[in-house]
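First the structure, in the form of structure tokens, and then the observations on it.
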Protein chains: 2
Amino acid sequence: MVTPTTDTRIPVRTGATLADVAEAVGLHPSTVSRALDPGRASMVKAETRERVLEAAERIGYRPNLAARSLMTGRTATVAVIAADLGNPWVTPIIHGIASRMHDDGVVPIVAETDDQPGALAELVDHMVARRVDALIVLAGREGDQDVVRSAGQVVPTVVAARPLPGAGVGAVISDGKMGGALVASHLADLGHTHVAQLRGPSNVLNFPLRSRGFSSVAKARGLRETHLEMEVTSTKVEDGAALMEHLLATTGDDHPTAVFAHNDSMALGAISVLKRHGLAIPGDVAVAGFNDSPMTEHLTPGLTTVHYPGWEVGHAAADAALRLLEGDISLASIEIDQELIIRGSTDPTKA
Amino acid sequence: MVTPTTDTRIPVRTGATLADVAEAVGLHPSTVSRALDPGRASMVKAETRERVLEAAERIGYRPNLAARSLMTGRTATVAVIAADLGNPWVTPIIHGIASRMHDDGVVPIVAETDDQPGALAELVDHMVARRVDALIVLAGREGDQDVVRSAGQVVPTVVAARPLPGAGVGAVISDGKMGGALVASHLADLGHTHVAQLRGPSNVLNFPLRSRGFSSVAKARGLRETHLEMEVTSTKVEDGAALMEHLLATTGDDHPTAVFAHNDSMALGAISVLKRHGLAIPGDVAVAGFNDSPMTEHLTPGLTTVHYPGWEVGHAAADAALRLLEGDISLASIEIDQELIIRGSTDPTKA
DNA sequence: CTGAAAGCGCTTACAG
DNA sequence: CTGAAAGCGCTTACAG
């Protein structure tokens, strides 16, 4: 298991300081500081600046950001708190955040709560101690409003991806009601008359919204909706499978002909249960998911799903956080549109 | 629909300092510093400590980690440089890293290169400027040895997940040759006589290793291996599809009866191409992947794949980095075992 | 057990 | 255009 190899020790040179550079060129540290900062370089004679840059390069000088932040009050760091980095829907969000922050030379610190109680408060505390310039919370659940609100009083804070009404900070989300409505409307268009939802945990506020959006359109279009009593606490493949089993067990031959799973993983679980029961997709039961995760396009049949605009949400959230940091006090709530992707799991013509 | 919650405002004043706490209790800052540090609290009278803790709590004091790091020389931060956070195989690695670091109160800063040329060098530079305590490189490719070696001279550095022989730093990997060998051996056991590989880019050194391990066992077991001329530069679903199309185009009816895709995404691409050509899996062509990504278990048929021990690799890498930081100079190369997961995409009895 | 002083590596008014 | 000094918020020898 463990293969030890030969010990090749490498000599470690420890960081050169501003004073080292100053000494090398025979100037005062403050002059070197100016020469090295693009923003203040104009205060320095061009020739001096050349000498400083050359020396810094030669010595391998790297500014100590901790020392700098002590004076400037900025750390050039924004904390991103996610629920689960393993969830494919967060990756595009983080990419969007990183992309926007890169423009301003800011670096994201990402951490995750795993949706454990108390984890968010603990992480927020830690990030405040780190004096991050801003905080982006992707992991909020019902009940986290107080933690987020008090964070917002100490550091510019934005909620994103998971809505958290009442937290009193800016939010960037994609309207869950709309997403659920798109799916119900699509199923009605296909001629379904009996539908059901495999719902995510209700304390993650996206899910109740998706549910309400779906139900209200279903009702408006005259669809019969069977409501499952069962509640799950996560949205993994197993949860979707369990909900689907429960649905089949309680409805028997009178099962819905279409189900809306609140995310793609749950849809996958539902599909494998349906197959196991010998039911055809979409012939016997149509299945729709949510998020448009990377692999869903390549399943057989492809999964009908709502494309979640993660990159855009992340980008807008970072933008909001950075603007907040610059003193823009307009506390906006931003909504990004989502789109239904129709594939073979609901539409027989695409199978 | 905003559900207003009761406003339980938690009073948090912005940045109280050690001096503020000292003033509040009428003690010297140095005493407060001691009282607040669990490691030095024994130097302080118990009753004094109580008073300090109470005041700190009341004032909402949070130590400024930047200031602390200036004195201690530690930032309690380890940089993790990945190629692509969206790749499902990195998530368990990062979880493993975070889990180990959490024990020591250290926080990971993750960044990604997107496998862009020059990105690794740039990020390493940035992380050195941030004075991270250690560096874990998951994104190394052939040619990155110099960058990693020189990083290793400035900061404790460990390579993980992607091997980088010649970089002169410790490494934690899972042997690619072994993984490829497991697959070839399995296919031979099933009675296949004609096989092929859908290879990942050769500058990511896992892939040539997987290829060699596979080929050498294939040869030893008397299998005929068709070698594709085509090279891909990434390992997405599309790449697997393109390679599979190419394979079918060049071999015609004499196509291999089993293919080994160097990761699961490529396997998925291959599978969708095979289905499109009306070929049954595994009846006409068996397909194996690599990584055991989350969804592969729930595909139909399930995907045979090598389980990549990402969490363990990450955990061991963080452990190595932290030990290096503590002055443990034994520069070890650690290997973690992997395991073949046999499912319906190769084994008809499991379909 | 507590205090006073020095210093970590920067930036930033203030002089010259 | 450059220098000298002060200070950001901590920790850590050194005294007492």
Side-chain angles (χ1 to χ4, degrees), chain A residues 13-53 55-56 59-77 105 128-133 154, chain B residues 13-53 55-56 59-77 105 128-133 154:
Chain A
R13 200 187 24 176
T14 170
T17 74
L18 205 55
D20 295 332
V21 180
E23 193 178 24
V25 289
L27 287 166
H28 195 270
S30 57
T31 308
V32 174
S33 171
R34 294 181 192 107
L36 255 27
D37 178 354
R40 291 175 300 152
S42 59
M43 301 172 141
V44 163
K45 196 163 47 163
E47 184 249 324
T48 312
R49 187 175 174 222
E50 289 305 317
R51 279 170 53 211
V52 170
L53 288 175
I59 295 180
Y61 170 71
R62 298 280 165 260
N64 183 323
L65 263 33
R68 173 180 297 170
S69 83
L70 209 48
M71 270 308 292
T72 62
R74 294 269 176 102
T75 53
T77 301
V128 169
R130 284 202 108 77
R131 300 295 192 273
V132 295
D133 293 336
V154 191
Chain B
R13 223 156 310 154
T14 172
T17 74
L18 206 55
D20 295 333
V21 180
E23 193 178 26
V25 291
L27 286 167
H28 195 271
S30 58
T31 308
V32 175
S33 172
R34 293 182 192 107
L36 256 26
D37 177 355
R40 291 175 299 154
S42 59
M43 300 172 140
V44 164
K45 198 162 47 162
E47 184 250 323
T48 313
R49 184 172 177 226
E50 289 306 317
R51 279 171 52 213
V52 170
L53 288 175
I59 295 180
Y61 170 71
R62 299 281 167 257
N64 182 323
L65 263 32
R68 174 180 296 169
S69 83
L70 209 48
M71 270 309 290
T72 62
R74 294 273 176 99
T75 53
T77 301
V128 169
R130 283 203 112 75
R131 300 295 193 272
V132 295
D133 293 337
V154 190

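Values in this document were obtained by computation on a predicted structure and should not be read as measured data. These values consider heavy atoms only, across backbone and side chains, with no hydrogens, waters or symmetry-generated copies. In what follows, every chain begins at residue 1, and chains take the letters A, B, ... in the order their sequences are listed.
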Revision key, fill the gap. By salt bridge (Lys or Arg N to Asp or Glu O under 4.0 Å), A/Arg131 pairs with (sequence neighbours left out) none
**Study point:** Where A/Arg130 and B/Leu65 come nearest, the two heavy atoms and their spacing
**Key:** CG-CD2, 3.6 Å
Review point. Is the closest side-chain heavy-atom distance between A/Val52 and A/Val44 below 4.5 Å?
Key: no
Practice item. Can you run through DNA chain D from 5' to 3' and write each base as (, ), [, ], | or . depending on how it pairs? Watson-Crick or G-U wobble, both distances under 3.5 Å. Key: |||.||||||||.|||
Check your understanding: Looking only at heavy atoms, which two atoms of B/Arg49 and B/Ala35 are closest? And how far apart?
Key -> NE-O, 3.4 Å
**Study point:** Non-hydrogen atoms of A/Val25 and A/Arg51 that approach each other most closely
**Key:** O-NH2, 2.6 Å
Practice item. Scan residues 23-39 of chain B for pairs that pass salt bridge (charged side-chain N to carboxylate O under 4.0 Å, His left out), counting only residues two or more places apart or in two chains. Key: B/Asp37-B/Arg40
Revision key, fill the gap. Chain A vs DNA chain D, heavy-atom contacts under 4.0 Å, first-to-last nucleotide span, 5' to 3', is D/dC1 to D/dG9
**Study point:** Strand-adjacent residues in residues 64-74 of chain B, judged by heavy atoms under 4.0 Å from DNA chain C
**Key:** B/Leu70, B/Met71
Review point. So which of residues 29-45 of chain B are in contact with DNA chain C, with a heavy-atom cut-off of under 4.0 Å?
Key: B/Ser30, B/Thr31, B/Arg34, B/Ser42, B/Met43, B/Val44, B/Lys45
Study note, to complete from the structure: All heavy atoms of A/Val154 vs all of A/Val128, minimum pair found to be CG1-CG1, 4.0 Å
Study note, to complete from the structure: In terms of heavy-atom contacts, B/Ala76 and B/Gly105 come closest through CB-O, 4.0 Å
Check your understanding: In Å and rounded to the nearest 0.5 Å, what is the OG1 to CE distance from A/Thr31 to A/Met43?
Key -> 11.0 Å
Practice item. Taking the side chain as every heavy atom from C-beta outward, state whether B/Leu70 and A/Asn64 have any atom pair closer than 4.5 Å. Key: yes
Exercise for review: Compare every heavy atom of A/Arg68 with every heavy atom of A/Pro63, then report the nearest pair and how far apart it is.
Suggested key: CB-NH2, 3.5 Å
Revision key, fill the gap. Checking B/Leu18, B/Leu53, B/Val32 against B/Tyr61 for side-chain contact (heavy atoms from CB on, under 4.5 Å), the one that qualifies is B/Leu18
